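On a predicted model such as this, the values are computed, not experimentally measured, just so you know.
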Amino acid sequence: MLVERGLRLMNVEVVGDAYAIASNYLRSTGAIPDSFATDERLLEIIVQMFQRGELNKIRLANKAIAKFEAETYIA
């Protein structure tokens with residue numbers, strides 16, 4: 001399913017799957033709270049990477065996890 005976001009089209013399934021993978025991992029490590037709320041920072045990382053051309057959900061999730069953890073430990 002494609003959704004218009006600005007002038008770009010986004011495949012919601014890829015972004016959603018990547019978010020689910022990344023958030024499950026980050027919840028299991030304690031990096032984000034174990035709740036049903038969406039972590040906006042993680043979602044934004046995934047959307048930005050998707051818009052830059054990363055379309056594989058596994059690679060997208062892994063890169064987002066790495067970036068999220070790097071930003072968390074630096075900040």
Side-chain angles (χ1 to χ4, degrees):
M1 179 173 149
L2 297 175
V3 175
E4 187 174 341
R5 183 178 170 114
L7 297 175
R8 299 175 185 243
L9 293 177
M10 180 169 43
N11 186 321
V12 175
E13 185 175 356
V14 171
V15 171
D17 288 349
Y19 179 83
I21 294 164
S23 65
N24 285 338
Y25 172 79
L26 291 169
R27 282 188 181 99
S28 70
T29 63
I32 60 176
D34 190 15
S35 70
F36 291 110
T38 300
D39 187 286
E40 294 296 326
R41 194 175 75 179
L42 176 61
L43 182 59
E44 186 62 32
I45 291 169
I46 291 171
V47 169
Q48 286 175 358
M49 290 180 171
F50 181 85
Q51 289 176 338
R52 290 185 191 132
E54 184 56 68
L55 305 177
N56 180 289
K57 64 184 175 186
I58 302 295
R59 203 167 29 246
L60 189 57
N62 286 335
K63 287 181 178 183
I65 289 166
K67 184 170 182 169
F68 185 91
E69 289 179 330
E71 289 176 359
T72 300
Y73 297 124
I74 290 173

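- Taking each heavy atom of A18 and A61 in turn, the nearest pair found is O-CB, 3.5 Å.
- Apart from I21 itself, the hydrophobic cluster it occupies contains I58, where clustering links Ile, Leu, Val, Met, Phe, Trp and Tyr at side-chain heavy-atom distances under 4.5 Å.
- Scanning for salt bridge (charged side-chain N to carboxylate O under 4.0 Å, His left out) contacts around R59 gives E54, with sequence neighbours left out.
- Y19 places a side-chain N or O within donor-acceptor distance of the main-chain N or O of D39, the cut-off being under 3.5 Å.
- Atom NZ of residue K67 and atom CZ of residue R41 lie 10.5 Å apart, to the nearest 0.5 angstrom.
- Taking N24 as the reference, nothing meets the side chain to side chain donor-acceptor pair (under 3.5 Å) condition, with sequence neighbours excluded.
- The two residues V14 and L55 make their nearest non-hydrogen contact at CG1-O, 3.3 Å.
- Interatomic distance, F50 CZ to L43 CG, rounded to the nearest 0.5 Å: 12.0 Å.
- Across V47 and V15, no two heavy atoms sit closer than the pair CG2-CG1, 4.1 Å.
- With sequence neighbours left out, the side chain to side chain contact (heavy atoms under 4.5 Å, CB included) criterion links E69 to Y25, L26, I65, Y73.
- The shortest heavy-atom contact between I32 and S23 is CD1-O, 3.8 Å.
- For residues 14-32, the set of pairs meeting the salt bridge (Lys or Arg N to Asp or Glu O under 4.0 Å) definition, not counting sequence neighbours, comprises D17-K57.
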